[in-house]
2 protein chains.
Amino acid sequence: MSSKLTERQQQVLDCIRECLADTGMAPTRAEIADIMGFQSKNAASDHLRALERKGYIKLHSDRSRGIQLLDNAYWSEEELPIVGKVAAGVPIEAIENVERTVPVPQGLFKQRPTYLLKVQGDSMIDAGIFDGDLIAVRKSNVARNGEIVVARIDEEVTVKTLKLNKSSATLLPANEAYEPIKVPADQLVIEGIFVGLIRDPNSY
Amino acid sequence: MSSKLTERQQQVLDCIRECLADTGMAPTRAEIADIMGFQSKNAASDHLRALERKGYIKLHSDRSRGIQLLDNAYWSEEELPIVGKVAAGVPIEAIENVERTVPVPQGLFKQRPTYLLKVQGDSMIDAGIFDGDLIAVRKSNVARNGEIVVARIDEEVTVKTLKLNKSSATLLPANEAYEPIKVPADQLVIEGIFVGLIRDPNSY
DNA sequence: ATGGGTACTGGCAATATGAACAGTGTTATT
DNA sequence: AATAACACTGTTCATATTGCCAGTACCCAT
């Protein structure tokens with residue numbers, strides 16, 4: 001259907017999306033020009049016409065901010081992949097690991113998740129994260145003290161609470177049966193931050 | 001927080017929601033007046049100012065269509081109401097109790113929830129249901145043994161695991177600090193069944 | 001080499017829109 | 001009886017915004 005966008009057009013589309021997410025209003029041509037760094041409003045106009053021609057937006061003529069996003073329901077739902085059993089050495093975002101996708105609406109969680117991870121094991125049971133739960137993860141390689149993170153140590157991925165010391169980090173389980181894991185700061189790879197949880201008691 | 005709306009103001013708010021859902025654009029004062037049947041744009045202006053004062057919308061001055069819906073997501077489709085503190089005697093689905101709505105996509109949970117309930121207290125903590133969690137509830141007046149239910153005893157609403165005996169029922173908490181509640185079958189009112197859980201660690 | 005799509009600058013006119021001001025009438029509260 | 005909030009009509013003015021025309025320049029496929 002919708003033909004491919006050029007890099008610039010994609011940037012303009014992203015810019016519109018951001019405005020929408022930010023203020024709830026579509027931008028004016030002048031605002032787009034301002035954000036994108038154009039000297040002329042008409043540059044934005046041209047891009048908008050291109051985006052409409054390619055089927056990504058609908059322009060309501062003579063209406064202020066009359067830009068309507070089409071195709072992907074950006075503002076109703078976003079399909080997030082569920083990353084399942086993570087094989088050793090495979091990056092967590094590898095497509096091979098995607099079991100299925102689940103629609104997660106924007107704004108369900110304060111922080112927007114990048115993907116979902118199916119929890120295995122009960123090491124975070126005292127934090128209310130159970131085996132089989134889906135956790136919403138925002139991809140990030142940094143995290144703050146006390147946050148629940150998805151971390152990788154030696155090709156293994158776990159969910160733990162992050163405790164930061166001066167030169168090392170500790171991954172804290174939430175289950176007495178498990179021991180805290182102390183990791184030198186340079187061996188720890190943060191994959192993402194826990195931003196939400198979804199549990200379905202009827203799931204299989 | 002946000003004070004109560006008059007009927008007219010509610011209608012104007014609905015009108016804005018519809019415009020947003022329909023075209024992706026907030027309406028102008030003239031459009032509101034047109035839809036609502038006002039002869040004067042200023043009638044719409046007055047209502048908008050009232051809505052802003054009461055905390056339902058944000059008006060961006062001097063911007064066309066500068067109406068931003070606050071708190072809840074603007075594009076209502078599969079929005080489920082969050083039922084908060086349930087006052088004694090008030091039916092759980094009373095409109096007065098609706099704090100806000102959250103978009104929940106169909107298919108997120110195996111069983112489709114009817115509403116969301118914000119959990120208060122830690123009586124189900126061992127079942128991974130924490131204070132502040134949102135639980136998705138399917139309205140039902142029957143439940144099977146072992147299911148986690150939303151039940152009402154003497155005008156009070158609680159979330160517990162249901163244990164059915166011959167002539168009575170027991171509501172089982174998941175916290176050692178709480179005692180099981182034995183209820184004659186005819187005094188127990190099932191409000192709904194626990195069908196899912198949503199947790200946002202960043203929610204205030 | 002020619003035409004079309006992309007990616008802009010710059011400017012102008014028409015209109016869409018918000019804001020402010022001056023009123024009228026009703027209802028609820030003090 | 002006075003005050004405030006509500007629910008409007010009607011008008012004017014400033015400015016926000018769109019739409020369009022005229023150019024320039026680059027790249028790609030015929």
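A note on names: the letters A, B, ... follow the listed sequences, proteins ahead of strands, and every chain is numbered from 1. The analysis underlying the following values was restricted to heavy atoms, covering all of them including side chains, and did not include hydrogens, waters or symmetry mates.
In this structure, CE of Met25(B) is placed 13 Å from C1' of dT17(C), rounded to the nearest angstrom. Between Asp46(A) atom CG and dA22(D) atom P there is a gap of 15 Å when expressed in whole angstrom units. The CD-C1' distance, from Glu7(B) to dT26(C), rounds to 16 Å in whole Å. Per the geometry, CD belonging to Gln68(B) stands 15 Å off P belonging to dG18(C), to the nearest Å. Between the CE atom of Met36(A) and the P atom of dT6(C) there is a distance of 15 Å, rounded to whole Å. At whole-Å resolution of the value, CD1 in Ile32(B) and P in dC8(D) are 12 Å apart.
At least one donor-acceptor pair under 3.5 Å links the side chain of Arg199(A) to the backbone N or O of Gly128(B). The closest donor-acceptor contact from the side chain of Asn175(B) to the backbone of Asp122(B) lies under 3.5 Å. Checked by atom type and distance alone, the side chain of Asp133(B) never pairs as donor or acceptor with a backbone atom of Ile135(B) at under 3.5 Å. Side-chain atoms of Thr170(B) do not come within 3.5 Å of backbone N or O of Leu172(B) as any donor-acceptor pair. The backbone N or O of Leu59(B) lies less than 3.5 Å from a partner atom in the side chain of Glu52(B), making a donor-acceptor pair. The backbone N or O of Ala43(A) lies less than 3.5 Å from no partner atom in the side chain of Asp46(A), so there is not a single donor-acceptor pair. Of the possible polar contacts, one joining the Arg65(A) side chain to the Ala26(A) backbone as a donor-acceptor pair under 3.5 Å is found.
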Nucleotide-resolved protein contact map, nucleotides 12-21 of chain D, B/S/- at heavy-atom distance under 4.0 Å: B---SSBBBB
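One finds a side-chain N or O of His47(B) lying less than 4.0 angstrom from the OP1 or OP2 phosphate oxygen of dC8(D). In terms of phosphate contacts, Gln9(A) brings a side-chain nitrogen or oxygen within less than 4.0 Å of OP1 or OP2 of dA7(C). Side-chain N/O atoms of Lys54(A) include none lying less than 4.0 angstrom from OP1 or OP2 on dG5(C).
In summary, Arg63(A) and Glu31(B) engage in a salt bridge, as defined by a charged side-chain N under 4.0 Å from a carboxylate O.
Listed nucleotides dG10(D), dT9(C), dA7(D) differ in distance to Arg8(B); the shortest reach to its side chain belongs to dA7(D).
Take Asp126(A) and apply the side-chain hydrogen bond (donor to acceptor under 3.5 Å, both in side chains) test, not counting sequence neighbours, and it matches no residue.
Comparing the end axes of the helix from dA1(C)-dT30(D) to dT30(C)-dA1(D), each fitted to five base pairs by superposing C1' atoms of four pairs onto the next four, gives an inter-axis angle of 30° (nearest 10 degrees).
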